[in-house]
There are 2 protein chains.
Amino acid sequence: MKIEEEIRQKPFKDVYNKAVVNLLYTHNYLVTQQSKIFKPHDLSPEQYNVLRILRGQHPEPITVSSIQDRMLNKMSNASRLVEKLKIKKMVERRECAEDRRQVDITITDKGLEILEQLEDEVKKFNKSILHLNKSEVEQLNELLDKLRG
Amino acid sequence: MKIEEEIRQKPFKDVYNKAVVNLLYTHNYLVTQQSKIFKPHDLSPEQYNVLRILRGQHPEPITVSSIQDRMLNKMSNASRLVEKLKIKKMVERRECAEDRRQVDITITDKGLEILEQLEDEVKKFNKSILHLNKSEVEQLNELLDKLRG
DNA sequence: TTGTATTTAATGTATATACATTCAAATCAA
DNA sequence: TTGATTTGAATGTATATACATTAAATACAA
């Protein structure tokens, strides 16, 4: 549906402004949908993202600051997020030998299993909530990459 | 920059998954940028949005639930947001005569002035943070509208 | 009418987030 | 080496958010 109808607004005068509102609104649509899939597993979308970052390095560990770097939301607190995952036994935390300020984080087998379980579900889910065909999705990716400059 | 480089990730296998991550990441870019323009005026992006909704109706009032309906983030609390704006004297709250459960909200002259002041600034700003030309922005709007189905 | 259900806004509450501060470890310059 | 600076992670704190509950007003059905 057109964004103007969804938020019951008169047509935007400025397409740039419309795009900003459209992005905010679409983001809200996305996270609302996403929470449906992650909530039953007691994961937040950002926790899921961190697990994926860790799997990308597995079996190598990765430091907290490096996780922060790669997170989608740079402002959220990697330290506390990792703590949450540790309580759920999805990650391990170990003091880094070379630099004792740093803390190495590794995904556990349990964490890997949960990702594995979610994998197909998430894949199908993503496809089902994004009402675009493949070439449109590719176009969207290009536009978003370009948008950020 | 390509999303894979920005979050230092290997290329996505699945363009749909990439699009989801790309949207989340781009949203973060947007709000980070936006806060720079709103913060000096002591407004959050969602407060700004509510003021714009109210201006759209002005001089007619609009109820709290109707604001909620049109907000970008349906989950956030219109009642408390309005309270914040009231403290700043940007809106007025008045019991609705026909239905005493409802509360009519109107934007004040002060609120209108602040929007006026911000208008040009926001317009320029939007254009400057969205590194796309007009036809690309239009394309993006179409894709986002279609995406949500 | 009268009792029940629904709607509206406000409030309570737990958690998340943004942002600042702290503390220890490492780096660097004098 | 020593003192100052920087870095990495954790923690403190205020605010925001998600979600549930409440309280009052209205609608609706028996």
Side-chain angles (χ1 to χ4, degrees), chain A residues 24 27-40 42-50 53-54 61-88 91-106, chain B residues 24 27-40 42-50 53-54 61-88 91-106:
Chain A
L24 296 177
H27 171 261
N28 187 245
Y29 164 79
L30 251 192
V31 295
T32 303
Q33 296 296 321
Q34 273 201 311
S35 76
K36 289 182 194 165
I37 194 165
F38 293 129
K39 199 150 194 183
D42 191 29
L43 279 176
S44 71
E46 196 67 273
Q47 284 176 15
Y48 174 73
N49 182 41
V50 168
I53 291 169
L54 291 170
I62 179 173
T63 64
V64 172
S65 63
S66 187
I67 293 173
Q68 185 102 284
D69 248 24
R70 301 179 194 201
M71 279 169 60
L72 300 176
N73 184 349
K74 307 286 185 229
M75 281 303 99
S76 66
N77 199 319
S79 195
R80 277 193 263 241
L81 246 167
V82 165
E83 174 63 19
K84 297 276 165 59
L85 292 170
K86 193 186 168 218
I87 289 168
K88 295 178 206 162
V91 306
E92 267 170 20
R93 197 160 42 184
R94 177 168 304 136
E95 188 179 84
C96 180
E98 303 89 63
D99 184 339
R100 285 169 49 222
R101 285 172 305 185
Q102 299 191 137
V103 178
D104 280 342
I105 312 296
T106 324
Chain B
L24 296 177
H27 172 262
N28 188 244
Y29 163 80
L30 251 192
V31 295
T32 304
Q33 296 295 322
Q34 273 201 312
S35 76
K36 290 181 195 165
I37 194 165
F38 293 129
K39 199 149 193 184
D42 191 28
L43 280 176
S44 71
E46 196 66 276
Q47 284 176 16
Y48 175 73
N49 182 42
V50 168
I53 291 168
L54 289 170
I62 179 174
T63 65
V64 172
S65 64
S66 187
I67 293 172
Q68 186 102 284
D69 248 23
R70 301 180 194 199
M71 277 168 62
L72 300 177
N73 184 347
K74 308 283 185 231
M75 283 301 99
S76 67
N77 199 317
S79 195
R80 277 193 264 240
L81 246 168
V82 164
E83 174 63 19
K84 297 277 164 58
L85 291 170
K86 193 185 169 221
I87 289 168
K88 295 177 205 162
V91 306
E92 267 172 18
R93 197 161 42 184
R94 177 169 303 137
E95 188 180 85
C96 179
E98 302 88 65
D99 184 338
R100 283 170 49 223
R101 287 173 303 185
Q102 299 191 132
V103 178
D104 279 343
I105 312 296
T106 325

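Chain letters run A, B, ... following the sequence lines, proteins first, then strands; residues in each count from 1.
- Between the C1' atom of D:dG8 and the CD atom of A:Gln68 lies a distance of 10 Å, rounded to the nearest Å.
- In this structure a side-chain-to-backbone donor-acceptor pair under 3.5 Å is missing from A:Lys84 to A:Ser44.
- If you check every strand for non-hydrogen atoms under 4.0 Å, B:Ser44 touches nothing.
- Of the residues near DNA chain D, A:Ser65 and B:Lys84, the one whose nearest nucleotide (by heavy atom distance) lies more toward the 5' end is A:Ser65.
- Atom-to-atom, CD of A:Gln102 to P of C:dA26 comes out at 10 Å; the value is rounded to the nearest Å.
- C:dA9 atom P lies 15 Å from atom NZ of B:Lys86, rounded to whole Å.
- Taking every heavy atom of both residues into account, B:Pro40 and B:Ser35 meet most closely at CD-O, 4.2 Å.
- Put simply, the side chain of B:Asn77 and the base of C:dT11 share a donor and an acceptor less than 3.5 Å apart.
- Computed from coordinates, the A:Glu95 CD to C:dA25 P distance equals 8 Å when rounded to whole Å.
- In terms of phosphate contacts, B:Ser79 brings a side-chain nitrogen or oxygen within less than 4.0 Å of OP1 or OP2 of C:dA10.
- Checking A:Val91, A:Leu54, A:Val103, A:Asn49 one by one against A:Ile67, the side chain to side chain contact (heavy atoms under 4.5 Å, CB included) holds for a single residue, A:Leu54.
- One can place CD of A:Glu83 at 15 Å from P of C:dT17, the figure rounded to the nearest angstrom.
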Item checked: Check against side-chain contact (heavy atoms from CB on, under 4.5 Å), A:Arg70 and A:Ile62 -> CA-CA 11 Å; A:Arg70 301 179 194 201; A:Ile62 179 173; 4.0 Å; yes
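- Across all strands, A:Ser35 comes closer than 4.0 Å to no nucleic acid atom at all (heavy-atom distances).
- Note that CG of B:Asp42 is 7.0 Å distant from CD of B:Gln47, once rounded to the nearest 0.5 Å.
- Regarding contacts with the backbone of D:dC19, a side-chain N or O of A:Lys39 is found under 4.0 angstrom from either OP1 or OP2.
- Rounded to whole Å, atom P of C:dT15 lies 12 Å from atom NZ of A:Lys88.
- D:dA16 atom C1' lies 9 Å from atom CG of B:Leu81, rounded to whole Å.
- Take the nearest nucleotide of DNA chain D for B:Gln47 and for A:Asp104: the residue whose nucleotide is more 5' is A:Asp104.
- Within the 4.0 Å cut-off from OP1 or OP2 of C:dT7, not a single side-chain nitrogen or oxygen of B:Arg101 is found.
- Residue side chain B:Arg80 reaches the base of C:dG12 through a donor-acceptor N/O pair under 3.5 Å, judged by distance alone.
- What separates CG of A:Asp99 from P of C:dC28 is a distance of 12 Å, to the nearest Å.
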